[in-house]
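Hydrogens, waters and symmetry mates play no part in the numbers below; they use all other heavy atoms, side chains included.
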Amino acid sequence: MLELAKQLITERNLDVVDVLELPGRPERLVRLPQSIIDGPMGARLQSMGLRDGMAWSHQSTALEILERGRNLVVATGTASGKSLIFQLRALDVVLRDPTAKVLVFYPLKALASDQYDRWRRAAQDAGLNEGSVARIDGDIPVGERQALMERASIVVMTPDVCQAWLMRGVGTGPIRRFLDDLALLVMDEAHVYESVFGSNFAMLARRMIAAKARASQSGRQLQVIAATATIAYPETHLEELTGLRFEVVDEDQNGAPAYERHVYHINGPDHGGPAEAALSDLLTGVLAIPNERRGRFIAFHDSRQGIERVVREIDEAGVLPYRSGYEAQDRATIEKALRTGDLDGVISTSALELGIDVADMTIGVNLGVPQSRKAFRQRIGRVGRSAPGVFFLMADRYAFRRFGETFEDYYRASVEPSYLYLGNRFVQYAHARCLVEEMEVLGGERMRLPAGTRWPDGFDGVLRYAVPGGGRPREFDFIAALGADNPHFNYPLRQIGEESFEIKDRPDGRIGSIAMQQAIREAYPGATYLHFGKGYKVREWQTRGHDRSIRVYAADRGGAPTKPILRKTINLSLTGDGIVDGHVMRAGNGLVAEVHLQVTESVEGYTVGGNRFLYKDLRTQDPNMSRKQRDFRTTGIIVRIDEDWFTGGGSEPSLNRLAVADGLKSLISRERSIAPQDVDATHTNIAVFSERGPQRITNAVIVYDAVYGGLRLTEDLFEDFRSYVTKLCRAASMAGDDALVAPPLADRLAAWAEDLKDAGAEPDPVVAVPDGWVQIYRPGSMVTITMHGAQIEREIGAPQMIPFGEQSILVYPYVNGQVPGMVPHAQIQTAGQDWEWALWNPTTGEITDVDSEVEQEDVA
């Protein structure tokens, strides 16, 4: 493999920046616990690859802990035989007690499908019948799931189906019996349960544990096994994830052998067209090497549409893309081809980062630096599993130095902690809605937290809002509307308050699915959308009734590439309620604060080549070519500096703000292992609320959570702001002008940060509304209105008071296409910055500024 790597480097003229040599190591064997050797699995150990009662040292240690009935997390490297530990434990449990059930969670369908076959083979080797293992995920028809679950002793499932199907039917007899009989819960790839997905899963795990306790008739205890190759503080993370206590077997106890691998840092572009061209060229070189010399390859690119473009450029039948959003048949085609050897290689997003075991995959490529060390180690772990391997990381020369580290520093450093924010009130509310229904059908008290696990702080208060008639605050209205009357199905685990769409090439022809956050970047009206290597043009969005879909049609000659024209606006308040937990530090000429934010992301049009096409022009010819927007509330960090080098619309201050925003975003993403779609930054279109409405400022940058409600992923940037500035300075000294923030700017930022001191919020702005006047949105304001469950922006006209029963309500006219409409004042949601408060006198019709001197009516 080393000779092959050198051949590729020479033939493709690759510029090698650095090389890591990861040496192999011999195995360490230890005898298995005697209870296993003497038990029902004793005679079958050889069929599982265990000879003479011996196993790798960490496997034997783990099984001994499990024999004592403890919960366990196994945190050892890739290809270390973690699966054998929980498979052997599961088979031992069901052979000793045929009524016992085992539930195995895999976080991705691709992984569940791959591992399901391994579970079936292991069960057959243990003498169990063919139906003893079942797979239940989104690809299994609902009508078949219950029979599979009742017949099987071991059920392989995705957490998504547990949320949408199993827990929704928790009151039915078969599911109650399954939970009562549940003896072992296995969670593979536990490090994936972080951020949005992990925070949702943590609530689901607690609800399932509570439901088992409530459904239990037999008194059978539940044991939990978790496995991960890349996690920091595994015991703490698993306790936060489940509310239970765990013992740990870690890398220091790992007795598995390892094969030698070489990891190359190749100098080159890491984003955009030039990067994808470089990746295509390298993979073309790989394909030119005879198959018997190279084995197969896997390449990673963190762009859904990017992998489609690279596959289309390579244009080889033996190379396919893989990403989320594919239909079951498409995924099954790729997964089968991987297992049977019909593919030369695959180009994937993170969807194939976990646990896929293809023995002859010997070459790996990564475009750019992965968002986390965890992801990097997982991706390297896909190659060299049964023989030596090579891995190429394509990124510019200063990709590591601009973060103040070397390539070896990056690899050798400890992996990042897996972050959860269980205090997110929207996450809590969604799961409280589900818990209320579950306790109702199980006969529990809806207003009281169930026993069996530790619940996050604040959940008991939110639970009261989720009970019908519980006095829900208005801030929960949107998340409540999303859940409607089917919260288990309408609250998916991988997003918070996010709309999703089906992608259809005909009314009944679904080809995939996409979340709103991705849709405005990939599937906007007029876009060329790539799917499974084919090009489609986006015709329209449907948001009426139960049809939430994006309609596409096959593009001529694959379709010309398009790019969205995106605009972000952010509004915030620096007064009491706008500040999170009192987090404000001030200098004499600026501040750093953690704040609540109102974010609007909109796609205004798109480009083809050098030509711009704006929806405001296109819509006159085709009403379907309309602007789409995503509005959400979240949290983030504002850095506001009122100095010449940072303030104003000039070129130099604007570029300085851009560098600081991108630098802080990149640094906290790397430090906290935050997924790229979960954090964002901006240095323009920022407004602070005043008594008049949003007032734009040009002396600030914001780094924020790009998820609904915010997980406070960026909180650490406030808590340790000076440390982040120090890291930017260190990176500047190592990478010079190629650093995230160039040396002169880093020095200015550090000098300013020295004067920061804890402070308080600004006083609340107060609008004095005289008698006889009403505070209104000024006519001509652009506001958000909810129609058919979708949020749209409309311009409102002059206010009116209309009779409603014995009272009158304030409404505004607007136009929806050619159809006029009215919206009540209370139903308007502000978004963007093109709106303003005003005062209106309903008697005279006069409208004036909120701070004007007005004559009050005589109401004596």
If you measure from the Lys or Arg side-chain nitrogens to the Asp or Glu carboxylate oxygens, is any gap between [X] and [Y] under 4.0 Å?
X	Y	result
D125	R121	no
E3	R293	no
R397	D270	no
E194	K374	yes
D342	K336	no

Which residue pairs pass the ring-ring contact (aromatic ring centres under 6.0 Å, His included) test with at least one member in residues 297-331, sequence neighbours excluded? Y326-H531, Y326-F532
E313, CD atom: more than 12 neighbouring heavy atoms under 6.0 Å: no
Any chance NE2 of H271 has more than 12 other-residue heavy atoms, nucleotides or ligands included, within less than 6.0 Å? no
Could you please spell out the steps behind the side-chain hydrogen bond (donor to acceptor under 3.5 Å, both in side chains) verdict for T230 and Q378? CA-CA 7 Å; T230 46; Q378 285 288 340; 3.2 Å; yes
Salt bridge (charged side-chain N to carboxylate O under 4.0 Å, His left out) with [X]: which residues, sequence neighbours excluded?
X	value
R31	none
E21	none
K82	none
R25	E251

A226: which residues meet the side-chain contact (heavy atoms from CB on, under 4.5 Å) condition with it, sequence neighbours left out? V73, M187, A190, L238
Test side-chain contact (heavy atoms from CB on, under 4.5 Å) applied to R294 - qualifying residues, sequence neighbours left out: L4, V286, L287, I289, N291, D344, I363
If the condition is side-chain hydrogen bond (donor to acceptor under 3.5 Å, both in side chains), which residues does [X] pass it with, not counting sequence neighbours?
X	answer
N267	D15
E64	none
R309	E276
R510	E327, E502

Nearest 0.5 Å please: distance from the [atom1] atom of [X] over to the [atom2] atom of [Y].
X	Y	atom1	atom2	answer
L283	D281	CG	CG	9.0 Å
R323	Q305	CZ	CD	5.5 Å
R331	S324	CZ	OG	9.5 Å
L740	S666	CG	OG	5.5 Å
I37	L63	CD1	CG	10.5 Å
R145	I140	CZ	CD1	8.0 Å

Is there side-chain contact between [X] and [Y], with heavy atoms separated by less than 4.5 Å?
X	Y	answer
D114	R118	yes
M54	L32	no
F391	R261	no
I347	V365	no
R670	V369	yes
L72	F246	no
L393	Y264	no
L128	V94	yes

Is there a donor-acceptor contact under 3.5 Å from the side chain of [X] to the main chain of [Y]?
X	Y	value
E522	R304	no
S60	S57	no
H262	F392	no

Verdict with supporting geometry, V19 and V263, side chain to side chain contact (heavy atoms under 4.5 Å, CB included): CA-CA 6 Å; V19 184; V263 186; over 6 Å; no
Could you go through R412 and E405, starting from their C-alpha distance and side-chain angles, then the distance that decides it, and tell me whether this counts as side chain to side chain contact (heavy atoms under 4.5 Å, CB included)? CA-CA 11 Å; R412 302 293 179 193; E405 60 189 2; over 6 Å; no
I'd like to know whether D409 forms a side-chain hydrogen bond (donor to acceptor under 3.5 Å, both in side chains) with T406, so could you lay out the CA-CA distance, the side-chain angles of the two residues, the decisive distance to 0.1 Å, and finally the verdict. CA-CA 5 Å; D409 291 338; T406 65; 3.1 Å; yes
Determine whether the side chains of R120 and Q124 contain a donor N or O and an acceptor N or O closer than 3.5 Å. no
What's the verdict on side chain to side chain contact (heavy atoms under 4.5 Å, CB included) for E27 and W56, showing C-alpha distance, side-chain angles and the deciding distance? CA-CA 7 Å; E27 65 182 358; W56 292 329; 2.9 Å; yes
One pair to check against side chain to side chain contact (heavy atoms under 4.5 Å, CB included): R377 and V415. What are the steps and the verdict? CA-CA 9 Å; R377 294 194 187 182; V415 296; 3.9 Å; yes
Across all chains, not counting sequence neighbours, the ring-ring contact (aromatic ring centres under 6.0 Å, His included) partners of Y410 are F376, F400
Ring centers of F197, Y193 separated by less than 6.0 Å: yes
Check the pair Q7, E11 against side-chain hydrogen bond (donor to acceptor under 3.5 Å, both in side chains), reporting the backbone distance first and the verdict last. CA-CA 6 Å; Q7 176 183 336; E11 291 181 352; 3.2 Å; yes
